[in-house]
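Report on the following structure.
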Amino acid sequence: MTSFAKVAEHSARHPKPEGVTFEYGTAGFRTLGETLASTVFRSALLAALRSQSKQGRVIGVMITASHNHERDNGVKLVDPMGEMLQQSWEGYCTDIANADSDAQVVHILESIVKAEGIDTSIQPKVAYARDTRPSGPLLQAALEDGLTALEVEVTNYGVVTTPQLHYFVRCLNTEHSSAPYGDPTESGYNEKYGQAFLRLVEGKPQPSTLHIDAANGVGAPQVRKLADAIASPYFSIDVRNSDTETLGKLNIDCGADYVKSNQRPPAGTSLAPGGRYCSFDGDADRIVYYYADEHGIFHLLDGDKISTLVATYLRDLVAAAGLSDLQVGVVQTAYANGSSTSYIKDTLRLPTVFAKTGVKHLHHEAERMSIGAYFEANGHGTVLFNPSAVDKLQEAKPTTPAQADAIGRLWALRDLINESVGDAMSDMLLVETILICKGWTLAQWDAAYTDLPSRLLKVVVNDRNIFKTTNAEQTLTSPPGLQDVVDALVAKFPKGRSFVRPSGTEDAVRVYAEAATRSDCDQLAYAVAGAVFDKAGGRGERPAEFL
Ligand SMILES: CC(=O)N[C@H]1[C@@H](OP(=O)(O)O)O[C@H](CO)[C@@H](O)[C@@H]1O
Ligand SMILES: [Mg+2]
């Protein structure tokens with residue numbers, strides 16, 4: 001029987017900072033690392049209850065702030081199949097993080113037990129890990145104190161990538177089932193993905209070296225271990241921005257978010273024409289590729305390019321396997337470039353839907369498809385095979401060697417893909433596989449369609465909570481009248497599209513715009529940003545570039 005007797009005493013060691021309100025947002029809690037100890041301690045308590053509510057299955061806890069600044073940190077819970085915490089529990093997280101006293105912390109735990117009908121005699125189990133941030137060890141200690149207070153059975157995975165922790169959780173919970181996901185260790189991870197990759201590329205021409213920018217984060221040591229496990233010229237890598245020791249380097253002027261937001265290579269990287277480059281973010285769940293053409297012009301291959309590449313490859317394999325009733329679909333968010341959406345609909349002729357920002361929303365949409373590829377434009381995503389697709393693969397009776405080969409490749413691809421969550425390393429192996437099998441350069445991959453010029457801006461406002469949206473976040477329902485202003489501005493520009501939504505991870509409102517030309521796109525973006533600032537409580541000085 002779990003008792004809350006020790007909770008108040010342990011909680012008193014992790015006082016909640018005064019005047020701070022925490023919110024379990026798009027990707028868990030995320031804010032200044034030095035303010036997070038109480039929240040991490042309390043997240044441990046919730047992870048224990050969540051485990052009991054899932055009959056003692058293992059819940060994950062990851063301490064990371066991904067691509068955000070090194071002084072930030074964050075914590076999020078991982079559900080038993082390696083997916084993001086069920087949304088209905090996010091409110092509990094927010095409530096307990098904001099509880100004003102240790103007694104209230106206990107009271108909230110008791111009320112969750114009641115509301116969820118939790119059997120507290122079940123042994124709770126939690127697996128946890130952290131990224132390389134300097135505030136990580138102290139937050140980990142707070143987490144451990146919470147886990148001890150509730151006598152949780154724990155597995156500490158140390159310093160690993162976010163998707164590795166998701167993978168471990170899924171493995172631990174399927175270990176004794178009829179379909180174990182894999183060995184829940186770092187070497188099990190490297191073996192599983194590495195072997196699937198080698199199976200798929202065997203006999204094809206070898207690619208040139210891949211230059212990986214690891215954002216000076218946890219992806220650096222981990223991708224080196226993956227390369228050691230693969231130990232093949234098919235995966236020849238050069239890891240850059242791999243300094244996880246020096247303070248102040250994480251995500252600074254490098255990493256997937258920097259490259260995608262600034263549309264340029266990491267500082268200090270000059271791109272050799274024909275060279276192959278990619279960037280991870282700070283916790284290695286996002287990846288983007290890029291290259292320079294013969295004129296030295298930078299070209300970005302973002303999440304949209306990855307999802308179209310992957311969807312095309314899967315569509316062709318499914319056809320070659322003779323499994324015409326297996327439908328490949330693509331899930332995007334409103335931030336997907338309009339050209340990619342048209343390409344998926346009009347050229348690939350595949351179904352596509354828009355989900356709200358945040359991978360948990362995309363993941364749930366993709367689950368409804370037989371084979372669903374989902375990616376955010378920023379490079380976070382994966383592919384899901386739903387159970388009926390797996391059944392069909394199992395039942396398939398190939399009548400030709402070509403069909404048998406395609407079915408074998410679909411199975412190998414399923415082993416290559418981290419289905420629990422978007423994973424820079426697994427996605428990289430997937431992209432590499434497809435490029436190797438097609439014998440393509442990055443420029444050949446890029447040739448499928450041309451991105452419309454786009455711009456993403458931030459507007460700092462007094463209260464971002466007044467912004468409410470509908471239609472997969474593309475239409476504002478509040479503040480009143482603002483959407484009409486946006487619509488009128490969009491109508492002025494050929495191929496114009498723009499939308500406004502509150503960020504779930506930062507105290508700001510995001511404005512996205514695209515249009516047929518760079519200058520139209522910028523005019524639209526800055527005009528919409530100006531309208532938001534003027535009509536919805538812009539804070540501080542009005543940025544000079546806003547129109
Ligand atoms: C435009 C954009 O890139 N938004 C990001 C960002 O969310 P916001 O809610 O926009 O702050 O962080 C999320 C978590 O990493 C990521 O899922 C999402 O794509
Ligand atoms: Mg990340």
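Counting convention: from 1, in listed order, for ligands and their atoms alike.
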### Query
For atom 4 (N) of ligand 1, which candidate among D281, D257, L456, T357 provides the closest heavy atom?
T357

### Query
Can you name the N, O or S atom of D283 that is closest to the Mg ion (ligand 2)?
OD1

### Cationic tip of K76 above Y24 ring, under 6.0 Å, 45° of axis
no

### Task
Looking only at protein heavy atoms, identify the closest one to atom 10 (O) of ligand 1 and say how far it is in Å.
R510 NE, 2.6 Å

### Query
Is a side-chain N or O of N68 found less than 3.5 angstrom from the main chain of G282, in a donor-acceptor match?
no

### Task
Take atom NZ of K356 as the centre, draw a 6.0 Å sphere, and report whether it contains more than 12 heavy atoms from other residues, nucleotides or ligands.
no

### Message
Could you check whether any heavy atom of K260 sits closer than 4.0 Å to an atom of ligand 1, since that is the contact criterion I want to use?
### Response
no

### Message
Quick check: E506 and ligand 1, any N/O pair under 3.5 Å apart?
### Response
no

### Task
Tell me, please, whether Y189 has K225 positioned over its six-membered ring: NZ or CZ under 6.0 Å from the ring centre and within 45 degrees of its axis?
no

#### Entry: Nearest non-hydrogen protein atom, atom 12 (O) of ligand 1
T505 CG2, 3.7 Å

### Task
Could you label the plane-to-plane angle of the Y291 and H299 rings as parallel, tilted or perpendicular, counting under 30° as parallel and over 60° as perpendicular?
parallel

## Note on the structure
To the Mg ion (ligand 2), the closest N, O or S atom belonging to D281 is OD2

### Query
Are D522 and R518 close enough for a salt bridge, meaning some N to O gap below 4.0 Å?
yes

### Query
Any salt bridge between R542 and D534, counting N to O under 4.0 Å?
yes

### Query
Which is closest to atom 14 (C) of ligand 1 by heavy-atom distance: A27, G504, G25?
A27

### Query
Does any N, O or S atom in T64 come within less than 2.8 Å of the Mg ion (ligand 2)?
no

### Message
List ligand 1 atoms under 4.0 Å from R501, heavy atoms only on the residue side.
### Response
8 (P), 9 (O), 10 (O)

### Message
Between R414 and E419, does any NZ, NE, NH1 or NH2 come within less than 4.0 Å of an OD or OE carboxylate oxygen?
### Response
yes

### Message
Under 4.0 Å, counting heavy atoms only: does H380 come that close to any atom of ligand 1?
### Response
no

### Query
What's the shortest distance from atom 16 (C) of ligand 1 to any protein heavy atom, and which residue and atom give it?
E376 OE1, 3.3 Å

### Message
Working to the nearest 0.5 angstrom, can you tell me the gap between I306 CD1 and E376 CD?
### Response
12.0 Å

### Whether G358 lies under 4.0 Å from ligand 1, heavy atom
yes

### Query
When you look for heavy atoms under 4.0 Å from ligand 1, do you find them on the side chain of Y512, its backbone, both, or neither?
neither

#### Entry: Pairing of D72 and R133 as salt bridge, 4.0 angstrom limit
no

### Query
Is it true that R539 and D507 make a salt bridge, defined as a side-chain N closer than 4.0 Å to a carboxylate O?
yes

#### Entry: Contacting atoms of ligand 1, where contact means under 4.0 angstrom from a heavy atom of H67
15 (O)

### Message
Checking one value in my table: which N/O/S atom of D285 lies closest to the Mg ion (ligand 2)?
### Response
OD1

### Closest protein heavy atom to atom 15 (O) of ligand 1, given as residue, atom name and distance to 0.1 Å
R286 NH2, 3.3 Å

### Closest protein heavy atom to atom 3 (O) of ligand 1, given as residue, atom name and distance to 0.1 Å
N378 ND2, 3.1 Å

